[in-house]
Chemist: 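Attaching a single structure in structure tokens format; questions to follow.
No hydrogens, no waters, no symmetry mates; every other heavy atom, side chains included, goes into these values. Every chain is numbered from 1 and lettered A, B, ... according to where its sequence line falls, protein lines coming before strand lines.
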Protein chains: 2
Amino acid sequence: MKIKIDDIDKKILLLLQHDSTLTYKEIAKKINLSLSPVHDRIKRLEQEGVVERYVGILNKKMLGVGLTVFSQVTLIRQTREVSQIFDIAIKQLPEVVECNFVSGSFDYLLKIIVADMEAYHNFHQMKLSTIEGVSLINSFFVMSEVKSTTEIML
Amino acid sequence: MKIKIDDIDKKILLLLQHDSTLTYKEIAKKINLSLSPVHDRIKRLEQEGVVERYVGILNKKMLGVGLTVFSQVTLIRQTREVSQIFDIAIKQLPEVVECNFVSGSFDYLLKIIVADMEAYHNFHQMKLSTIEGVSLINSFFVMSEVKSTTEIML
DNA sequence: TCACAAAACAGAATATTTTTCGATTATTCA
DNA sequence: TGAATAATCGAAAAATATTCTGTTTTGTGA
């Protein structure tokens, strides 16, 4: 599952996860290499799946999706069957941008992005709470986003 | 702050936030338009800041950063001064990929990505708990990532 | 409804970037 | 050391992005 990455790969990955519009030429210059190895390495990293995908990051406020909510969800039972139903349902909800199964006093922590409180209310009542097996939902509303990045430390 | 977006813009944004390697030609074909308007619209959306940036998404497991932790942080006081110190400190920590100021029984919810438990222990003791004003830290460990996307609903 | 202005659009040119390819250099391992 | 493999380089070819010119559509006010 884990793959060996050398220092040059690491430099390339750090650049790409920060700004994927960099051209091969620009990357080559930044890491003091010629075009070919940069090209070959990036293609290899994409091929191997180290780079999963390239995406555009949008400005939520400008698009009028202004409310982020974290919801702690507890299921009636922690059986594989109940979890599986929940997992499948969550993946289909576009409002849910992150869903993690966690240790501790609840089962799942969800990150939900919606337009406003009305939209969240509707989501909560019509979609989240109607998923089979959901027992408890405890929500926290984001008042201010301090930091948000897709860049992981290498 | 909010900007008006028509249906064509919306289609383009949905495509770009899913896969930014699509060429203008491919996008043009998908939304039944010629190259020029697609080009002009994308450049406008970038210019306006609706598209904030383009990034590569990396595979955490392959890179050996296998532990995700959510930490609820409470400060000694909720004054502007204490918050400001915390905000600045958090922005400088590469382990913290998300930080939100939330309503409820604690002040901040952090998402932290590290290599393993040892790395988290070190981060907790050396970095997070040493930030001035931090009073309580309550951590939840991710056992399984069910969903993770950067795509927001439009 | 008409005239006008502004915006959106199409197609062709030019410039830039990506991709491919053969040759050279470095590295690894017996 | 020597052979085999991998990595790198430079240049040409292909694909894409960008720019430009002209046309069509849309919206507005008289």
Side-chain angles (χ1 to χ4, degrees), chain A residues 1-65 150-154, chain B residues 1-65 150-154:
Chain A
M1 199 126 220
K2 192 177 164 184
I3 263 179
K4 65 171 164 46
I5 302 289
D6 67 15
D7 288 350
I8 297 175
D9 289 338
K10 197 187 263 187
K11 282 181 189 173
I12 291 173
L13 292 172
L14 285 170
L15 290 170
L16 284 180
Q17 73 170 344
H18 183 71
D19 179 6
S20 62
T21 67
L22 289 169
T23 64
Y24 293 143
K25 197 198 279 184
E26 289 170 324
I27 293 172
K29 192 174 182 184
K30 279 180 191 289
I31 65 176
N32 289 317
L33 221 61
S34 73
L35 258 164
S36 314
V38 169
H39 176 267
D40 293 350
R41 280 168 180 272
I42 290 174
K43 288 300 152 194
R44 193 195 76 234
L45 291 166
E46 290 170 3
Q47 181 65 31
E48 290 173 337
V50 178
V51 180
E52 289 186 348
R53 59 188 184 280
Y54 295 96
V55 303
I57 303 293
L58 309 186
N59 185 312
K60 292 195 285 288
K61 284 181 185 171
M62 282 190 177
L63 293 165
V65 278
T150 53
E151 296 175 44
I152 59 178
M153 208 183 46
L154 297 183
Chain B
M1 201 124 217
K2 193 177 164 184
I3 262 180
K4 65 172 166 43
I5 302 289
D6 66 17
D7 288 350
I8 297 175
D9 288 338
K10 197 187 262 187
K11 282 182 188 172
I12 292 173
L13 292 173
L14 284 170
L15 290 171
L16 285 180
Q17 73 169 345
H18 183 71
D19 180 6
S20 62
T21 67
L22 289 169
T23 64
Y24 293 145
K25 196 197 281 183
E26 289 170 324
I27 293 171
K29 192 173 181 184
K30 278 179 193 288
I31 64 176
N32 290 316
L33 221 63
S34 73
L35 260 162
S36 318
V38 169
H39 177 267
D40 292 351
R41 280 168 180 272
I42 291 174
K43 287 300 153 194
R44 193 196 75 233
L45 291 165
E46 289 170 2
Q47 181 64 32
E48 290 173 336
V50 178
V51 180
E52 288 187 348
R53 59 188 184 280
Y54 296 96
V55 303
I57 304 293
L58 308 185
N59 185 310
K60 292 196 285 287
K61 284 181 184 170
M62 283 191 177
L63 292 165
V65 279
T150 54
E151 297 175 45
I152 59 178
M153 209 184 45
L154 297 183

Chemist: Indicate yes or no: at least one non-hydrogen side-chain atom of A/Thr150 is less than 4.5 angstrom from one of A/Val55.
Modeler: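 No, their side chains stay 4.5 Å or more apart.
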Chemist: Any heavy-atom pair between the side chains of A/Val65 and A/Leu58 that's under 4.5 Å?
Modeler: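 No, their side chains stay 4.5 Å or more apart.
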Chemist: Determine whether B/Glu26 and B/Lys29 satisfy the following criterion, salt bridge (Lys or Arg N to Asp or Glu O under 4.0 Å), listing intermediate values before the conclusion.
Modeler: CA-CA 5 Å; B/Glu26 289 170 324; B/Lys29 192 173 181 184; over 6 Å; no
Chemist: Any chance you could measure A/Glu52, atom CD, to B/Lys61, atom NZ, to the nearest 0.5 Å?
Modeler: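 So the gap between those two atoms works out to 10.0 Å.
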Chemist: Should A/Lys43 and A/Gln47 count as side-chain neighbours, where that means a heavy-atom distance under 4.5 Å?
Modeler: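 No. Closest side-chain heavy atoms not under 4.5 Å.
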Chemist: Rounding to an integer number of Å, can you tell me how far A/Arg44 CZ sits from C/dT19 P?
Modeler: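 In whole Å, C/dT19 P lies 16 Å from A/Arg44 CZ.
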Chemist: Can you tell me how far apart CG (A/Asp40) and OH (A/Tyr24) are? Round to the nearest 0.5 Å.
Modeler: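 Here the interatomic distance stands at 9.5 Å.
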Chemist: For B/Ile8, answer base if it contacts any base atom (sugar-phosphate contacts may also be present), sugar-phosphate if it contacts only those atoms, and nothing otherwise; contact means non-hydrogen atoms under 4.0 Å.
Modeler: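 Contact class for B/Ile8: sugar-phosphate only.
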Chemist: For A/Tyr54 and C/dT18, give me the distance from atom OH to atom C1', rounded to whole Å.
Modeler: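 Result: 13 Å.
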Chemist: Go through B/Ile5 and B/Leu154 one step at a time and tell me if the side-chain contact (heavy atoms from CB on, under 4.5 Å) criterion holds.
Modeler: CA-CA 10 Å; B/Ile5 302 289; B/Leu154 297 183; over 6 Å; no
Chemist: Quick one: B/Asp6 CG to D/dT26 P, roughly how many Å, whole number?
Modeler: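 B/Asp6 atom CG is separated from D/dT26 atom P by 13 Å.
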Chemist: Applying salt bridge (charged side-chain N to carboxylate O under 4.0 Å, His left out) as the test, list every pair that has at least one member in residues 7-20 of chain B; sequence neighbours left out.
Modeler: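 Sorted result for residues 7-20 of chain B: B/Asp9-B/Arg41, B/Asp9-B/Arg44.
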Chemist: At under 4.0 Å, does any side-chain N or O of A/Arg41 touch on OP1 or OP2 of D/dT8?
Modeler: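 Answer is yes, contact under 4.0 Å.
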Chemist: Answer yes or no: is there a side-chain heavy-atom contact under 4.5 Å between A/Ile27 and A/Leu16?
Modeler: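 A/Ile27 reaches A/Leu16 side chain to side chain.
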Chemist: Give the rounded distance in Å between these two atoms: NZ of B/Lys43 and P of C/dC9.
Modeler: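 Roughly 17 Å, once rounded to whole Å.
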Chemist: Can you check the A/Gln47 CD to C/dT19 P distance for me, whole Å?
Modeler: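 After rounding, the reported distance stands at 13 Å.
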Chemist: If you take any heavy atom closer than 4.0 Å to DNA chain C, which residues from residues 14-33 of chain A end up in contact?
Modeler: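 The stretch gives A/Thr23, A/Tyr24, A/Lys25 as the residues lying under 4.0 Å from the strand, ordered by number.
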Chemist: What integer distance in Å separates A/Asp7:CG from D/dA7:P?
Modeler: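 A/Asp7 atom CG is separated from D/dA7 atom P by 14 Å.
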Chemist: Pick out the pairs of N or O atoms, protein on one side and nucleotides 20-25 of chain C on the other, that lie under 3.5 Å.
Modeler:
none

